[in-house]
There are 2 protein chains.
Amino acid sequence: MATRTPFKIGVVAAGSPITRSVERQVTALVASAFPSGSLDIFFHPQCFETAGHFAGNDQRRTDSFLQVANDPCFHAVWFARGGYGACRLVGDILPALSAVAADKHYLGYSDAACILAALYKSGFPHIAHGPMPHDISRSGGEAAVMRALNFLTDPAFNEFELTASHNTKTAAFNISVLCHLLNTPFLPDLSDHILMLEDLSETAASIDGALCAITHDANVRRVAGIKLGRCPIDNSGGPKDQIGIEAPVPNGEGDAGAQEMVQHWCRIAGIKYLGRADIGHDVDNRVVPFGLKS
Amino acid sequence: MATRTPFKIGVVAAGSPITRSVERQVTALVASAFPSGSLDIFFHPQCFETAGHFAGNDQRRTDSFLQVANDPCFHAVWFARGGYGACRLVGDILPALSAVAADKHYLGYSDAACILAALYKSGFPHIAHGPMPHDISRSGGEAAVMRALNFLTDPAFNEFELTASHNTKTAAFNISVLCHLLNTPFLPDLSDHILMLEDLSETAASIDGALCAITHDANVRRVAGIKLGRCPIDNSGGPKDQIGIEAPVPNGEGDAGAQEMVQHWCRIAGIKYLGRADIGHDVDNRVVPFGLKS
């Protein structure tokens, strides 16, 4: 696909909206990094709309996603950001995808993995976890966005998560998102995959409970092993219902707490824990193909 | 059981700890409401211990629960509070319960439902959702605690949730806790039950995602219907990863937002939505038997 000029990326927001500032920054980065015009990026207007938490209501987000996915002029569908809301679209998206949709790249992470997982399960060959336009808002976020752009356009791209391989299947999920996908028809067969997990700012209670659910799942129990990406925990809320508790629970358990939890539940489930993964809600977030590295 | 004197209640904390202040207030209430000494309450010392978020480590909480459940002198096991941690005990508790354990009442809600659900699945006949000692910390909490004490001791008790019946099975769960239970071996058969759901201070994203998972579950799809208890939403955190978003997402969607979500996912799943239930993390929280009202 990298040989087609210009390479056209369509950005849609399946969950929460982004700002015009994100569009401006990403567009400027594209203009500066691809001065020959070899890359063209289109932000669907829906990315900036709001309906509660969402970038437009369910119907609007569904329609916008399908417009870009089913349009033969786009080579890649890039999720604008995560946030929340993709799980409300996926059931309506799948039956409405046309044949041209399968020939594109789909890139995103976090909440967007609801759709990435379903597309991977449907046999789409170019599905990957990786940075999104919204990541440019982070300090140093240009590096994350350039990683995504290079992944989509450069055959010599080499910033995959190190586990990614031509021989071993991989998949990457946000812990909360995967937990919510477990019982849906949208979770792909994870047999023999190295499963990478990350999360951001959830309480220890949420992460521990979600890992309990994830590692009890029969599909997940067939993985080759689990690796833990960055998973900073935010206990400022503590376990819910702190009424009458004089001393707040300790904060800042960070990655060590999350790693103990993953190791605990992997041990109970008989799943191999394979150490740390180089992914997370941050500018160092590496690209992880769903399936084999192509 | 109400005819045995004194009726002995053992309090254990499967998740988070309570304070000595809670013990003092509940003990004083028992002394004043049962002056004849017909009710005796024992707080296991483990209730006041701390290990991170937990009331003692996993082993300590498991051992303490089993000491009370397997001791023939107790007529009821009362969960001290929710918080978080019960899901780490249930796998070790179940095979270690003795025959006398099945003859007791078990009462609690929220995080404690991990164990309540597993005991109900094991055929224990006296499992109920209802107030816990920690509820005395709420404004007006004595009424909630008295409701629990009366449920355990008064054959004429009449503060069940109105759906509870001799003819229709019921069950009650915290939304997050049920989501985390879905894939475990501890979730009972919910066929033909009226399933009541409540939650506290989760974000709209967490509630919506959990409801997606819950309503996709084949077991849950066999329920007679779902009723929504109180479910105040706290979006102060918003969807995760608000970096670069100038305007915070709106707060205070409250119950209306949660009801829309339940109705949305019930509609997709073909589950009947049966309206509101009189349960929640509050002093009005009614008693819901797991199964038929006995």
Side-chain angles (χ1 to χ4, degrees), chain A residues 15-19 21-22 52-53 81-85 87-88 91 110-111 134-138 141 176-177 179-185 199-206 208-210 212-214 216-218 220 234-235 237-241 243-246 249-250 253 257 264 268 281, chain B residues 15-19 21-22 52-53 81-85 87-88 91 110-111 134-138 141 176-177 179-185 199-206 208-210 212-214 216-218 220 234-235 237-241 243-246 249-250 253 257 264 268 281:
Chain A
S16 301
I18 56 173
T19 62
S21 166
V22 165
H53 287 295
R81 69 170 293 209
Y84 132 72
C87 68
R88 286 179 161 243
S110 194
D111 182 65
H134 185 55
D135 285 311
I136 208 159
S137 310
R138 303 181 192 282
S176 307
V177 171
C179 176
H180 294 158
L181 269 182
L182 291 176
N183 284 280
T184 69
D199 214 316
L200 174 74
S201 299
E202 294 288 346
T203 62
S206 288
D208 202 51
C212 171
I214 288 168
H216 273 95
D217 185 78
V220 172
D234 179 2
N235 280 330
K240 70 181 74 176
D241 205 13
I243 185 162
I245 295 293
E246 289 85 351
V249 292
E253 295 185 12
H264 171 85
I268 287 173
H281 275 65
Chain B
S16 300
I18 55 172
T19 61
S21 166
V22 166
H53 288 293
R81 70 170 291 210
Y84 133 70
C87 68
R88 286 179 162 243
S110 194
D111 183 66
H134 185 56
D135 285 310
I136 209 159
S137 310
R138 304 181 192 282
S176 308
V177 171
C179 176
H180 294 157
L181 268 181
L182 291 175
N183 284 280
T184 70
D199 213 318
L200 175 73
S201 299
E202 295 287 346
T203 63
S206 288
D208 202 49
C212 172
I214 287 168
H216 273 94
D217 185 79
V220 171
D234 179 2
N235 280 330
K240 70 180 76 177
D241 205 13
I243 185 161
I245 294 293
E246 289 85 351
V249 292
E253 295 186 11
H264 171 86
I268 287 173
H281 276 64

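The sequence lines fix the lettering, A, B, ..., with proteins before strands; numbering per chain opens at 1. Keep in mind the model is a prediction, meaning the values are calculated, not measured. Values below: every heavy atom of this structure, side chains too, minus hydrogens, waters and symmetry copies.
In terms of heavy atoms, A/C179 sits closest to B/H180 at SG-CD2, 3.7 Å. Of all the heavy atoms in A/Y84 and B/A204, the pair that sits closest is OH-O, 3.4 Å. In terms of heavy atoms, A/C212 sits closest to B/T184 at SG-CG2, 4.0 Å.
Most heavy-atom pairs under 4.5 Å with chain B: of the set A/I136, A/I214, A/D217, this distinction falls to A/D217. When each of A/D208, A/L182, A/D111 is checked for heavy-atom pairs under 4.5 Å with chain B, A/D208 comes out on top.
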